[in-house]
Engineer: 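Here it is, the structure, as structure tokens.
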Amino acid sequence: MILIDILTDGMFAAIAAIGFGAISDPPLRAFPSIALLAAIGHALRFCLMTYLA
Amino acid sequence: MVVSVCDIDSMEVYNEVAIIPAFPISFELNSELSALSWEAYDNRLPLETLWDKYEKIISRPKMDPLCTLFLVGFANASFCALFGGDWTARLIVFSATLIGFYIKQVMQKKKINHYLVFIISALAASLVASSALTLETTAEIAIATSVLYLVPGVPLLNGVIDIVEGHVLTGCTRLIQALLLVLCIAVGLSCTLMLIRNSLL
């Protein structure tokens, strides 16, 4: 269950990053890295806040 | 903006003062034009080729506004999810963002004052989101996250980066501009809250 929580958090962060990135008109090749960076970043935050607080 | 060009052989100096018009942020143009400037510096391209490449970059089609609209809608709904909203709240935030962002796009196309655009679209989005109050759902989260798409992230970040790099004046102007936009969001949102609190709706 822990893994699913982390993955859903990362997924939502990725969707949010893609959407808000789209406002600023980035090059198309940047989208995969935008999603990946946001997912890793927010999943890490989620882990630190939930399991190490 | 002041541009100075110096001819090394004849030591002639040309100056040009130009006004920089306000354009919407485009990271694609940023990166492509930056690449072009480095190409011009490295390969010593002739002026005609440079103009050709420049025109080609400028005339490239932009992302469809409808596509951006839906992406932003999904993004705001996921923010609602990240802040702990349930599925009803996510759906309401999605529709609120669609309406608010559409109003923003239309008003920006008509070149209406920025601050007015922000106030009105924040008001519209939060009004739509306040419909969550009639349902049994996480209404506070829905109202709070419905205006997040307006937060001027790029000017705020650029302002901080400018100040850290020593361009304090530019950084402060950017931060103050961003702060004004944030205040406009607050004005729009507080109009909705006042309407709701006094049960006018």
Side-chain angles (χ1 to χ4, degrees), chain A, chain B residues 23-35 57-58 60-87 89-90 93-94 97-98 100-102 104-105 108 121 145 147-158 181:
Chain A
M1 276 320 275
I2 292 175
L3 191 68
I4 294 176
D5 282 347
I6 296 173
L7 284 181
T8 37
D9 188 86
M11 190 192 72
F12 280 126
I15 299 172
I18 290 175
F20 286 112
I23 297 180
S24 307
D25 193 21
L28 276 181
R29 61 177 187 282
F31 276 108
S33 32
I34 293 174
L36 198 65
L37 282 174
I40 292 173
H42 208 277
L44 185 65
R45 174 188 179 275
F46 178 77
C47 291
L48 292 175
M49 298 270 287
T50 324
Y51 305 114
L52 286 175
Chain B
F23 279 115
I25 304 157
S26 170
F27 282 125
E28 177 158 30
L29 282 186
N30 256 11
S31 67
E32 295 292 328
L33 290 179
S34 168
I57 291 173
I58 293 292
R60 222 176 262 182
K62 281 193 174 175
M63 190 185 268
D64 189 20
L66 202 67
C67 180
T68 321
L69 181 68
F70 275 90
L71 282 177
V72 172
F74 281 119
N76 232 6
S78 0
F79 256 134
C80 183
L82 287 178
F83 284 112
D86 56 11
W87 279 102
R90 289 174 206 174
V93 168
F94 178 71
T97 312
L98 283 192
F101 196 72
Y102 180 71
K104 187 179 172 224
Q105 279 181 334
Q108 275 180 337
S121 46
T145 49
V147 291
L148 279 184
Y149 69 98
L150 288 165
V151 174
V154 176
L156 281 171
L157 271 178
N158 278 352
L181 291 179

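To find a chain, count down the sequence lines: A is the first, B the second, and so on, and within it residues start at 1.
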Engineer: Take B/Phe101 and A/Ile23 through the test side chain to side chain contact (heavy atoms under 4.5 Å, CB included) and record every step on the way to the result.
Structural biologist: CA-CA 10 Å; B/Phe101 196 72; A/Ile23 297 180; 4.1 Å; yes

Engineer: Find the distance between CZ (A/Phe46) and CG (B/Leu82) and round it off to the nearest 0.5 Å.
Structural biologist: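 That separation rounds to 9.5 Å.
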
Engineer: Looking only at heavy atoms, what is the nearest atom pair of B/Tyr149 and A/Phe20, with distance?
Structural biologist: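 For B/Tyr149 versus A/Phe20, the nearest heavy atoms are CA-CE2, 3.2 Å.
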
Engineer: Output the option from A/Ala17, A/Ser24, A/Ala14 having the highest count of non-hydrogen pairs under 4.5 Å with chain B.
Structural biologist: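 Heavy-atom pairs under 4.5 Å are most numerous for A/Ser24.
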
Engineer: With a 4.5 angstrom heavy-atom cut-off, could you sort out which part of B/Val72 is near chain A: side chain, backbone, both or neither?
Structural biologist: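 Backbone plus side chain of B/Val72, per the 4.5 Å heavy-atom cut-off to chain A.
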
Engineer: For the residue pair A/Ala22 and B/Thr68, what are the closest heavy atoms and their distance?
Structural biologist: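 That closest heavy-atom pairing would be O-CG2, 3.6 Å.
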
Engineer: Give the intermediate values and the outcome of side chain to side chain contact (heavy atoms under 4.5 Å, CB included) for residues A/Asp25 and B/Ile25.
Structural biologist: CA-CA 7 Å; A/Asp25 193 21; B/Ile25 304 157; over 6 Å; no

Engineer: Side chain, backbone, both or neither: which part of B/Ser31 has an atom under 4.5 Å from a heavy atom of chain A?
Structural biologist: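 It is the side chain, since no backbone atom gets that close.
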
Engineer: Within the supplied structure, the quantity of interest is the number of heavy atoms (other residues, nucleotides, ligands) at a distance under 6.0 Å from B/Arg60 CZ; does it exceed 12?
Structural biologist: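 Yes, the 6.0 Å shell around CZ holds more than 12 heavy atoms from other groups.
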
Engineer: So which of A/Gly19, A/Ala30, A/Gly21 has the biggest tally of heavy-atom pairs under 4.5 Å with chain B?
Structural biologist: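 Of A/Gly19, A/Ala30, A/Gly21, A/Gly19 has the most heavy-atom pairs under 4.5 Å with chain B.
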
Engineer: Is A/Leu48 atom CG crowded by more than 12 heavy atoms from other residues, nucleotides or ligands, each under 6.0 Å away?
Structural biologist: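 Above 12, so yes.
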
